[in-house]
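What follows is a single structure, written as structure tokens, with notes after it.
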Amino acid sequence: MGMAATIISLSACKQATAPADNPLLAESELPFGAPDFSKIDTTDYLPAFEQAIEQQRQEVQQIVDNAEAPTFDNTILALEESGKTLGRISSIFFALVSADKTPQIGEIEKTVTPMLADLSNEISFNKQLFERIKTVYDNEYETLTGEKKKLLEETYKEFVRQGALLSEEKMARVKDINKAITDLQQKWGDLLPDATNHAVVWVDTKEELAGLSDADIAQCQKDAESLGGEKPYCIVIINTTQQPLLTSLDNRDLRRRVYEASIHRADGTGQYNTYPIVAEMAKLRAEKAELMGYKDWASYSLEKTMAHDTDRAYAFLRNLIAAYKPKTNAETRAIEAFARLTEGPAFKLQPYDRFYYSAKMKKKLLSVSDDEVKPYFNVDSVQKNGVFYAANRVYGLTFKERTDIPTYHPDMKVFEVIDKDGKSLALFYSDYYRRPTKRGGAWMDEFITQSRQRQEQSVVFNVCNFAKAPEGQPSLLTWDDVTTMFHEFGHALHAILSDCQYRSLAGTNVARDFVEMPSQFNESFASIPEIFDNYARHYQTGEPMPADLKERMLKSINFQPCYALGENLAATCLDMAWHVLPLADVPQADKAGDFETEALRQIGLLDPQVPPRYRTSYFNHIWSSGYAAGYYSYLWTEVLAVNIANVFAQRGALDPAVGQDFREKVLSRGNTQDLMQLFTDFTGMEQPDASALLKARGL
């Protein structure tokens with residue numbers, strides 16, 4: 001990525017600090033080296049990036065200029081330890097880019113991103129550096145053991161994957177492609193949140209919101225105020241295709257408007273159309289794959305995953321589709337028949353009706369609704385008495401809130417994680433509420449990654465987009481929100497419990513089709529009776545959820561399970577369809593929508609009742625978040641997670657000895673060993689059992 005020529009004008013901020021006084025360039029004095037947001041000003045980022053980038057350039061040059069013969073220590077380890085300051089600054093800055101992207105942060109990002117891409121290209125294509133790496137690989141790979149051997153292997157292979165063995169001409173083109181892709185991802189990151197915010201549905205009267213709870217109506221009023229107050233109420237669009245409020249909204253025309261706003265948020269002809277970015281990025285990926293000697297991007301991408309190739313990934317998906325399709329058609333017919341009981345025999349179920357009538361059907365058959373259970377899911381209780389309690393029971397961890405550590409937003413909380421031996425293990429931040437400056441979805445990331453080499457422990461954060469109740473009222477969650485909190489904390493545990501020598505092998509630095517396993521497995525604790533009873537307590541009385549409501553709610557988790565699997569399969573197959581294309585077959589931007597339709601038809605998933613969880617035009621995972629040809633990993637890792645949960649259930653789900661075994665054999669290991677071997681070491685299974693997924697989902 002190339003150095004941007006633009007000068008950023010941030011007149012609203014104070015004058016940038018001189019490098020010597022820049023808090024980003026000094027080691028933090030806070031516990032765990034946590035970022036000191038009380039000292040960091042927006043204007044500190046650009047000069048800090050400039051100095052840290054130059055510092056890493058010099059560190060890499062020192063490796064190249066070393067007159068001694070290349071060794072693991074003076075080449076591989078030296079490269080691993082280079083760029084420490086830059087890594088620290090990047091982790092802080094890009095946390096804000098995702099979670100609190102003010103206009104000033106957005107402007108800095110436009111300048112910094114190409115600077116970082118330039119540096120990445122310089123290092124990846126530094127011939128003298130690669131010659132040293134190759135010399136070490138050729139001479140020491142057979143004699144090194146353990147994490148040293150793994151770090152050498154990963155370093156060498158990554159340079160080869162970046163193009164270090166290419167001809168000069170091909171290398172130059174790959175550099176240009178890398179720059180262009182980075183630029184497009186940045187444009188996507190700017191455009192999609194704007195498009196999603198613009199897609200809000202404005203509402204004139206409270207009466208139109210009939211069916212929503214008082215809390216939801218208050219949220220619609222609050223959202224309208226925060227987005228400019230064009231009308232008294234508005235319904236914001238979240239990142240997925242289906243919108244949660246469609247479950248309760250009585251007004252059918254408003255349901256239609258919300259659904260259409262969601263699916264068309266970024267595929268119009270105006271300024272919010274992402275298809276030009278999609279088409280160009282798909283072409284660039286296909287071209288890069290061909291230059292690297294692969295038939296398509298998916299083949300290039302999957303090579304370093306557990307699935308390994310497109311044939312194995314597609315075989316996995318087709319097995320699921322075959323089991324899913326007959327059941328989903330029956331599920332759709334049942335919902336339509338139920339709707340006709342009240343709407344008449346001519347009623348045709350539409351995609352925006354499905355959640356509404358499914359919820360009514362669930363309420364009638366199981367006598368349960370979101371509004372009935374939400375009072376028992378207070379956000380603070382779910383976190384402390386659910387997520388933290390489970391981690392205490394299984395891994396012996398305790399959590400002490402730290403109000404003395406500054407955060408980037410007042411909604412955040414910080415906890416010190418203390419191990420069962422009383423030693424401090426990590427810091428954990430939670431940032432749970434949505435705001436206009438935060439992108440959609442939920443995620444985990446780190447300010448600092450565990451490394452024994454650096455004597456550093458994890459400083460990790462979870463970000464979600466829960467609705468925040470008005471001042472003085474409790475923020476209540478849906479069951480989906482509850483499992484999201486458990487899910488993201490599973491990622492956090494993967495980082496917190498990491499015990500690796502080298503940063504780049506630690507924690508969640510594993511293949512895409514393994515990284516989602518600890519998070520999906522952690523969801524299983526949400527419904528274990530002892531955990532559930534500890535957090536599912538009424539926000540006013542503190543009483544546990546009544547036994548009959550609890551039974552009905554837990555039964556309802558797998559009520560009509562086809563939709564959730566189908567929307568995931570459709571999105572997964574869209575991702576694959578875009579990334580198995582050779583360069584010559586990538587469609588033009590104006591044909592992207594037609595390509596999506598045809599791709600779903602060919603795989604047997606073109607079903608208006610079960611649209612993809614993300615359509616092409618707002619599929620952030622694959623166009624911006626590193627999941628290109630990798631979205632299948634959610635289903636793949638769910639299989640791993642279900643297999644592991646079954647082992648826990650057999651051996652004792654809350655038995656600390658089982659938790660310790662899982663911690664030692666899997667969660668602490670990062671990418672230091674073969675990932676299938678880690679799975680086998682804990683479960684005793686040579687291969688994952690995919691049939692367990694269908695059973696777990698009630699299929």
L565 and L635 have their tightest heavy-atom pair at CD1-CD2, 3.7 Å
Salt-bridge contact R434-D223 (side-chain N to carboxylate O under 4.0 Å)
yes
Over 60° means perpendicular and under 30° means parallel, so tell me whether W578 and W623 are parallel, tilted or perpendicular.
perpendicular
Is there a donor in the side chain of S625 and an acceptor in the side chain of N620, or the other way round, less than 3.5 Å apart?
yes
Go through the side-chain N and O atoms of T182 and Q185 and say whether any donor and acceptor fall under 3.5 Å apart.
no
Beyond-backbone contact of F559 with V368, side-chain heavy atoms, under 4.5 angstrom:
no
Is the shortest distance from a Lys or Arg side-chain nitrogen in K110 or E107 to a carboxylate oxygen in the other one below 4.0 Å?
yes
Are side-chain N/O atoms of Q186 and T113 paired as donor and acceptor at under 3.5 Å?
yes
If you define the side chain from C-beta out and look only at heavy atoms, does anything of L227 sit under 4.5 Å from V236?
yes
Check whether any side-chain heavy atom of L249 lies under 4.5 Å from a side-chain heavy atom of I235, and answer yes or no.
yes
Can you check salt bridge (charged side-chain N to carboxylate O under 4.0 Å, His left out) on K438 and D100, steps first, answer last?
CA-CA 5 Å; K438 184 188 283 189; D100 199 22; over 6 Å; no
Atom NZ of K363: over 12 foreign heavy atoms under 6.0 Å
no
Looking only at atom types and distance, does a side-chain atom of S98 sit under 3.5 Å from a main-chain N or O of A95, one as donor and one as acceptor?
no
State plainly whether the residues R333 and E336 are in salt-bridge range, i.e. N to O under 4.0 Å.
no
Hey, do the aromatic rings of Y539 and F377 have their centres closer than 6.0 Å?
no
Should W202 and C220 count as side-chain neighbours, where that means a heavy-atom distance under 4.5 Å?
no
Under 3.5 Å, side chain of N378 to main-chain N/O of L476, donor-acceptor pair present?
no
Would Q609 and Y563 count as a side chain to side chain donor-acceptor pair (under 3.5 Å) if you check the C-alpha gap in whole Å, the side-chain angles of each, and the deciding distance to 0.1 Å?
CA-CA 9 Å; Q609 278 297 323; Y563 186 93; over 6 Å; no
What distance do L554 atom CG and S527 atom OG have between them, rounded to the nearest 0.5 Å?
6.5 Å
Given side chains that start at C-beta, do those of S430 and Q383 come closer than 4.5 Å, heavy atoms only?
yes
What pair of heavy atoms forms the shortest contact from S262 to T240, and how long is it?
OG-O, 3.4 Å
Kindly say whether G630 contributes a backbone atom to a donor-acceptor pair with the side chain of D575 at under 3.5 angstrom?
yes
Closest heavy-atom contact between Y275 and S617?
CE2-CB, 3.7 Å
Indicate the ring-plane relationship of F49 and F94, choosing parallel, tilted or perpendicular according to the 30° and 60° boundaries.
perpendicular
Looking at every heavy atom in both Y535 and S381, which two are closest together, and how far apart are they?
O-OG, 2.8 Å
Between the main-chain N or O of D371 and the side-chain N or O of S213, is there a donor-acceptor pair closer than 3.5 Å?
no
Minimum heavy-atom distance between E567 and V610, given as atom pair plus value:
N-CG1, 3.5 Å
Indicate yes or no: does E638 engage R697 in a salt bridge with an N to O separation below 4.0 Å.
yes
Side-chain (N462) to main-chain (M444) donor-acceptor, under 3.5 angstrom
no
Indicate yes or no for a side-chain donor-acceptor contact from N251 to the backbone of L254 under 3.5 Å, with no hydrogens or angles considered.
yes
Please tell me if the side chains of I40 and Y45 come closer than 4.5 Å, counting only heavy atoms from C-beta onward.
yes
Sidechain-backbone polar pair: D411 side chain, D431 backbone, donor-acceptor under 3.5 Å
no
Quick one, R615 with E596, criterion salt bridge (charged side-chain N to carboxylate O under 4.0 Å, His left out). Give me CA distance, side-chain angles, the key distance, then yes/no.
CA-CA 8 Å; R615 294 185 65 183; E596 173 177 305; 2.9 Å; yes
Any side-chain heavy atom of C464 sitting closer than 4.5 Å to one from T484?
yes
Any side-chain heavy atom of Q243 sitting closer than 4.5 Å to one from I237?
yes
Using atom types as modelled and distance alone, determine if a side-chain donor or acceptor of R512 lies under 3.5 Å from a backbone N or O of A628.
no
Any idea which heavy atoms bring C562 and Y324 closest together, and the distance?
O-CE1, 3.2 Å
Going by atom types only, do D480 and T478 share a side-chain donor-acceptor pair under 3.5 Å?
no
I'd like to know whether NZ of K231 has more than 12 heavy-atom contacts from other residues, nucleotides or ligands below 6.0 angstrom.
yes
Donor-acceptor pair, T274 side chain versus A266 backbone, under 3.5 Å?
yes
For A199, is there any backbone N or O sitting under 3.5 Å from a side-chain donor or acceptor partner on R265?
no
Are F388 and F415 near enough that their ring centres are under 6.0 Å apart?
yes
Indicate the ring-plane relationship of H621 and F619, choosing parallel, tilted or perpendicular according to the 30° and 60° boundaries.
perpendicular
Check the side chains of Y259 and T241 for a donor-acceptor pair under 3.5 angstrom, ignoring hydrogens and angles.
no
side-chain hydrogen bond (donor to acceptor under 3.5 Å, both in side chains) filter on D353, not counting sequence neighbours, yields R252, R255
Lys/Arg cation over aromatic Y352: R256, 6.0 Å, 45° cone:
no
Could you tell me whether E331 and K327 make a salt bridge, using a distance below 4.0 angstrom between a side-chain N and a carboxylate O?
no
Basic-acidic side-chain contact under 4.0 Å: D183, K187
yes
Nearest-0.5 Å distance that lies between atom CD1 in I263 and atom CD in Q242
9.5 Å
Full working for salt bridge (charged side-chain N to carboxylate O under 4.0 Å, His left out) between E598 and R601:
CA-CA 5 Å; E598 187 55 31; R601 179 183 287 114; 2.7 Å; yes
Could you tell me if the ring centre of F447 sits under 6.0 Å from that of F461?
yes
Please report whether the ring centroid of Y433 lies less than 6.0 Å from that of F466.
no
In this structure, NZ of K360 is separated from CG of L341 (nearest 0.5 Å) by 12.5 Å
Which is it for K413 and D380 under the salt bridge (charged side-chain N to carboxylate O under 4.0 Å, His left out) test, yes or no, and what are the steps along the way?
CA-CA 11 Å; K413 292 184 176 181; D380 292 327; 3.0 Å; yes
Quick check for you: to the nearest 0.5 Å, what is the distance between F338 atom CZ and S358 atom OG?
9.5 Å
Looking at E401 and K384, does any basic side-chain N land under 4.0 Å from a carboxylate oxygen?
yes
Distance-only side-chain donor-acceptor flag, H538 / E543, under 3.5 Å:
no
Are side-chain N/O atoms of R354 and T332 paired as donor and acceptor at under 3.5 Å?
yes
No-hydrogen, no-angle side-chain donor-acceptor test under 3.5 Å, Y356 and Q350:
no
Within 6.0 Å of NE2 in H198, more than 12 heavy atoms from elsewhere
no
